[in-house]
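Note that the structure is predicted; figures quoted are calculated from it, not measured.
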Amino acid sequence: MASVAELKDNHAKATAEVNSLRERLRKRRQMLLDTDVERYSKAQGRAPVSFNPTDLVCCRTLQGHSGKVYSLDWTPEKNWIVSASQDGRLIVWNALTSQKTHAIKLHCPWVMTCAFAPNGQSVACGGLDSACSIFNLNSQADRDGNLPVSRMLTGHKGYVSSCQYVPDQETHLITSSGDQTCILWDVTTAQRISIFGGEFPSGHTGDVLSLSINSSNTNMFVSGSCDATVRLWDTRIASRAVRTYHGHEGDINSVKFFPDSQRFGTGSDDGTCRLFDMRTGHQLQVYSREPDRNDNELPTVTSIAFSISGRLLFAGYSNGDCYVWDTLLAEVVLNLGTLQNSHEGRISCLGLSSDGSALCTGSWDKNLKIWAFSGHRKIV
Amino acid sequence: MASSAAGGGGGGGDGDGDGDGDYSFAAEYDGPPLPYSLPRAIPLDLSRIPLASLSSSLPPAPTASPLPVVRPLTPSSLCSAIHGHHARPAVAAAQQSSSSAASARAGRTAVGAAAVDSPTSVIENHHAALHHSAELPSSPSDEEDADEDDYGGGRSAALPSKIHQTVVTFMETKTSSSLLQSSEDEEDDDDEDEALAHPSARSSGSPSLAHSDLAHRMEAVKSRGCFRCGKGGGFWGRGDKEACLACGARYCARCLLRAMGSMPEGRKCLGCIGRPVVESRRDSLGRGSRVLRRLISAAEVELIMRSERECAANQLRPEDVYVNGSKLSPEELVVLQGCQCPPSKLRPGFYWYDKVSGFWGKEGHKPHCIISPNLNVGGALDQKASNGNTGILINGREITKSELQMLKLAGVQCAGKPHFWVNADGTYQEEGQKTVKGKIWDKPIVKLLSPVLSLPTPNKANNHSGEEAVNMVNRLIPDYLEQNTIQKLLLVGSGTSTILKQAKFLYKSKPFSLQEREDLKLIIQSNIYNYLGILLEGHERFEEEAIADRRTICQSDPSSSGRCESELGNKATEYSIAPRLKTFSDWILKAMAIGNLEDIFTAASREYAPLVEELWKDPAIQATYKRRSELPFLPFAASYFLDKAVDISRPEYELSDMDILYADGITSSDGLASTDFSFPQLALNGRGVDEPDPQDTLLRYQLIRINNKGLHENCKWLQMFDDVRLVILCVAVSDYDEYYEDANGNVVNKMIESRQLFESIALHPIFEQMDFLLLLTKFDILEQKIRKSPLTLCDWFSDFTPLVSRNLLTGTSKSSRSSSTASSLAQMAAHYIAMKFKSLFQSLTERKLYVSYVNALDQESVRSAIRYGREIIKWEDERPVFGSSETTYSEEPSSYSH
């Protein structure tokens, strides 16, 4: 039996080797990565998308929350939006009429995330109570007009930072949590199907803040974490992450799959958005803003969303800006924060309607706004 | 009375606003413009007079507008008018008497002066009379009394509830169709009138409003069209519109959603969000409309109506309600509306309230209803409150004639103008006498005749004593108020779950729900395995040591080596475990090593109950347990639970309150937990220390406990707690010689870890301006071990040099003495630790740290700690008022209570 000192020695050696290998891998990658999207498309002579300030207009303001809005989600079919706010309410909005259809009072007002089920019949939310609550929108409200919780998914040992239903599967839901894990749930039984990370060595080493499920292969999902990495998971293999993506220098607040499902974008505390290729693991592009003239700290990226074509990347920043990036040329084509009647606070969440016709932004100014294209040109 | 006046004034008028007005002869003059102004008869009621003079002081209507406009009063301007009136009642009264004495003509000229001359305009009268009689029962006796009528009329005109009725509006009477339309309007409802008044109301509310906009709106009004698109005028288009509750602007179905957006406060246009509703529309709050129901789904309408009823901006404003001459505070309004028998349909205005009997009425009028007595609202009752002239006083108020009649009917001896005291239950006695003379309500005839005299009779629910009414601790507080009055206290650190549980025991009638108890039971049951696992680990170590010991003995004593060998082979030491239990214990150890102990044993805890019992009773485990002081990772609570391990692992185990307190955590996830409570007033009175504060029962506190496991630098979710009033950090003083192993395998002193947590919280940008209270817990354990292990074991406390004589410090003196020195030494240590934290906080933030000591297992100690927290919040609230208060308060935290 090896002595403890010997084991420690071995462990230190192994760690050093892993680090050196990782460094070699990084160098090799850098060598192989001879270009990025921006340079390539410039070489191809692509012209940037141009936007007039009036082309994107705020066509609806959803007022009704009395606290900061933290999260929103669209239904896949109907034009409904669910939003979660620090006032301890989930509100389901009809985006067309801008009216509330449901206002759900939560047991724990510190809610961080919410999601619509694929069939639009129920909503899920999670927050600091370390549980994910499911509400059936068709269930009967009680005397005070509150909807009862239909399922409570408990098992996380930290706050629930993000949740998303597996597309086309009403019964499966993935949550990410501050306990460094993601969990795939069976909603009908409220049982855990598999846990990603945690005791397994290839899991995240920091709070997991966001996740995004691949829409064409729903077995795959990516998670972004405070450890500045994104990990790709296969729901059939919980024991290890399929791949780990390095590159960011701060907490990753938001991950979203690119519409073609082969790439994904990230938004981070380091103030940049990045585009990664899922299969090769390469970082394709960095979308970073010009440093402030006053040499202030860069505002962090709070949330991102892609347009249906993938040509535009919407990114909300902690200073209230909301940039529209041209993903090909890495140029900011519009800043929603400077438009007429834009939000007065930080934009905390973003989401595109399923048909791509409208963008919804939620902000700490307690409002949600719906933006739509009002111009007449076609975006190429 | 007002109706008759208005009828008389408007009889010959060209279009009285009242529903019964005949419009057929009010043909419009369409000849050439006249060089002189036409003499006109204007409908009039007395209540309008002071307002007309008031509105004439406003700037004239913009000349650009096609129609001359009288500016109706917005609610805000009304209020100022009311307050002004109230401040100078004499002036108002003088104004009244002069104007009313000069008969209707004077009033007419006043109105005429206010209204810019226009041949086509018609001044419309609201249903003033109608409202008046509906709101306040007027009796014939009141009307007969000319004196009273005059004064009362003047006063009632100053009442804000009346003012909406006196809004002057114009009506275009150009064509017969619009004439027809207007007549139908009156039948419809009086909402239409406010709509007409809208543009000028808007312009007077915000003078900077564009005049062009106004012109456009006037056009819209002229055609009674939509305010946004201007369409939808004419006869057929007018039905499908919805009006804003605050400004009265009307929108057609197409524009409604755009103009009103998502209606967070109900039907208000976007610009009016946050503004109070027009009083006349208060009744329609939450009543669904046809237009909305056609536009959006029923569920959506329902939510709009709910927010319309419940949102704070649509509630009655306390500053508009005067009781006994003093403005109500928000708390008083809640008390008033939340009592057993609240005044029905409370509107802004001046009221008097007889606290003893519960009589309630408008100022200058006889009682209107009987509400709950002994409510602590408003000022003192005035003798002239109901403007009586009978000379008879009830509870210091001179009663009116109709009341006197009623008293006579009730058989009360009223000769000689006696002064009565009437209680809530109807018993009355003469002032200065002890004997109860009788009950007013006893005679059935009184109850029968009271409605005839439009006097109130007591409500059945009214029969309870006054003390109950005052101390309504568990009174329901409306949602919209709760948002503002809740004070959040954030609990961070070690031992916080125990404090939260104590708070639940202290302030909740039902501290833990069945579900919570079930959760806690599971936590305790699965924790037993955890404790056992730690014991087993310790047991393994002890066993190895024992064997090693024996081996050394054997080696040192070769004579008995043969016996030793055999013993070693058997490994039968004191710490050997029975072979039957070996597999079970191995399983526990394995699960612990992997880290999923809870996952395996939570569900299966019942199945293994007999095994747990057997294992616990095994002499090897008991022997290990005896040496528990050598097991550093065994939590303090473990011995408490292990002592009753057998009971706990049984399925029928019932938790005691003590078990709950000792249990590790509150919920299975051990995440955030919170509890709401308010301080019961009785407890304060019992102490006699604090003045009973009416706000106290209203203020609600929320204790939020967060797990410090998830706290790290750059912790994002702490941003959610930016509305917290006080951060309560708990540090166990006994941590100084305890260590734990962090993720990287480094051994860290727990006190150093607490300091790191303290620093990161204190420096977190969210808590930049927050007050901090440091609670030092586990003083009892410090007392126990301070002598065994000196405080200087912790690096941070290396300069702890208590001034204790040598022999006391070493504890060689008698036992009784040594225990007292230990406690004094412990106290010194605790003070020293507090000082350390204070100076650290000072150096970090340059603010002051409040410190208190608490024993989380002692209910009284937690109670005083929470009360201390409340005091800190109060001081902070008062600080801006008393700028110098800081110096007096700063003494307090540094004086130690222990």
Donor-acceptor check, side chain of B/S297 to backbone of A/T101, threshold 3.5 angstrom: yes or no? no
So, the part of B/Q719 with a heavy atom under 4.5 Å from chain A: the answer is both
Please indicate whether B/E545 has more than 12 foreign heavy atoms, meaning atoms of other residues, nucleotides or ligands, lying under 6.0 Å from its CD. yes
Please determine whether side chain to side chain contact (heavy atoms under 4.5 Å, CB included) holds for the pair A/K100 and B/S307, giving the CA-CA distance in whole Å, both sets of side-chain angles, and the decisive distance to 0.1 Å. CA-CA 10 Å; A/K100 294 170 238 172; B/S307 48; 3.9 Å; yes
Do A/T61 and B/S262 come close enough that some side-chain heavy atom pair is under 4.5 Å? no
Assess the residue pair A/L128 and B/F721 against the criterion (side chain to side chain contact (heavy atoms under 4.5 Å, CB included)); give the C-alpha distance rounded to whole Å, side-chain angles, the decisive distance to 0.1 Å, and a yes or no. CA-CA 11 Å; A/L128 291 189; B/F721 297 102; 3.5 Å; yes
Interchain contact, A/Q86 with chain B, by part (heavy-atom threshold 4.5 Å): side chain
Would you say B/I296 and A/T97 make side-chain contact, with heavy atoms under 4.5 Å? yes
Between A/N253 and chain B, which part of the residue has a heavy atom less than 4.5 Å away: side chain, backbone, both or neither? side chain
Can you say whether B/L270 sits under 4.5 Å from chain A via the side chain, the backbone, both, or neither, judging by heavy atoms? side chain
Which is it for B/K716 and A/D251 under the side chain to side chain contact (heavy atoms under 4.5 Å, CB included) test, yes or no, and what are the steps along the way? CA-CA 10 Å; B/K716 291 193 178 99; A/D251 302 0; 3.0 Å; yes
Could you tell me whether B/R258 atom CZ has more than 12 heavy atoms of other residues or ligands within 6.0 Å of it? no
Is the count of non-hydrogen atoms from other residues, nucleotides or ligands lying under 6.0 Å from B/Q702 atom CD greater than 12? yes
Atom of A/Q99, atom of B/G261 and distance for their closest heavy-atom approach: NE2-O, 2.9 Å
Are A/W110 and B/I704 side-chain neighbours, meaning at least one heavy-atom pair lies under 4.5 Å? yes
Between B/D722 and A/K68, does any NZ, NE, NH1 or NH2 come within less than 4.0 Å of an OD or OE carboxylate oxygen? yes
Which atoms of A/L209 approach chain B - backbone, side chain, both or neither, heavy atom under 4.5 Å: side chain
Considering non-hydrogen atoms only, spot the tightest contact between B/M720 and A/V111 and give its length. CE-O, 3.1 Å
Nearest 0.5 angstrom please: B/D723 CG to A/D87 CG, how far? 11.0 Å
